[in-house]
Amino acid sequence: MTSVIYGPVPSWRLGRSLGIDLLGTEGKTCPFDCVYCQLGRTSYSLIDRREFVSIKRLAEELESVKGLDIDYVTFSGMGEPTLASNLGRAIELVKSVLPFPVAVLTGSSLMMNKEVRQELALADTVVAKLDAPNEELFRKINRPASNLTLKDIVSGISKFRQEYRGKLVLQIMFIAANMHYAGELARIAESLSPDEVELNTPLRPCAVQPLPPQDMEVIEGQFARLRAVNVYKSPKPEVKPLDIKETLRRRPKL
Ligand code: SF4
């Protein structure tokens with residue numbers, strides 16, 4: 001049996017981040033199959049929510065990490081955390097047991113679902129992915145399950161913004177395919193009023209090359225009207241994972 005809790009991992013925005021994987025699948029489980037995904041190709045392309053890991057099992061594992069010194073508890077793991085139908089209860093449990101803020105990293109793929117938005121709203125920080133300004137690039141970069149559209153996803157993030165009082169972060173992964181669309185992405189981002197925009201490029205091993213710092217600098221200039229942070233300018237903390245094997249499965253490079 002694999003563990004639900006992994007890390008802590010060094011996060012360029014969340015500091016020392018203890019990971020929670022509510023999916024626990026051997027391969028990646030996600031409605032997307034992003035070309036730059038550090039977890040490789042999607043094994044289980046799902047869009048329906050279900051319970052993968054019980055709350056009882058999470059509660060047992062949380063007992064063993066009490067007393068750990070970290071900055072954030074982050075729901076991420078082997079794919080899309082909002083696929084877990086017990087995400088809301090899991091966030092409530094973590095907040096009742098550990099004295100740290102909770103973040104969820106989501107590909108935004110299920111944010112059109114009201115239940116998902118209500119559960120995400122329990123987190124202190126939600127980091128939502130948005131990589132493409134049009135349906136064609138969305139299909140090319142995020143390779144979604146067939147019935148997902150960018151229009152619905154942007155509408156889901158927009159509804160979430162209106163409902164959510166916590167910190168909403170948009171994360172945009174820039175690669176060669178979308179680097180010339182930074183202006184369009186910035187305008188969409190402005191319409192969504194995030195608290196912060198993370199400008200990322202894939203620095204961990206994957207099938208796509210990262211953009212160099214000079215290209216990311218140009219891209220950053222397009223986001224001048226937003227609070228934007230550039231991955232090349234953000235230091236990462238030193239951390240020592242509790243279980244290196246379980247951590248590297250979800251985060252192949254620390
Ligand atoms: S949404 Fe995240 S986990 Fe899913 S394929 Fe994209 S990068 Fe990988």
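Numbering starts at 1 and runs along the sequence shown. Both ligands and their constituent atoms are indexed starting at 1 by order of listing.
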Please determine whether a side-chain nitrogen of the Lys or Arg among Lys233 and Glu217 lies less than 4.0 Å from a carboxylate oxygen of the Asp or Glu.
yes
Mind checking salt bridge (Lys or Arg N to Asp or Glu O under 4.0 Å) for Asp195 and listing every partner two or more places apart, or none if nothing turns up?
Arg161
Are the side chains of Lys95 and Leu122 in touch, meaning some heavy atoms are under 4.5 Å apart?
no
Is any NZ, NE, NH1 or NH2 atom of the basic residue among Lys56 and Glu60 found under 4.0 Å from an Asp or Glu carboxylate oxygen of the other?
yes
Total protein N/O/S atoms whose distance from atom 8 (Fe) of ligand 1 is less than 2.8 Å
1
Between Ile219 and Phe223, the two heavy atoms sitting closest are O-CD1, 3.3 Å
Could you check if a side-chain atom of Thr29 sits within less than 4.5 angstrom of a side-chain atom of Phe52, using non-hydrogen atoms only?
yes
Considering non-hydrogen atoms of the protein only, which is the closest contact for atom 2 (Fe) of ligand 1, and what is the distance?
Lys129 CE, 4.0 Å
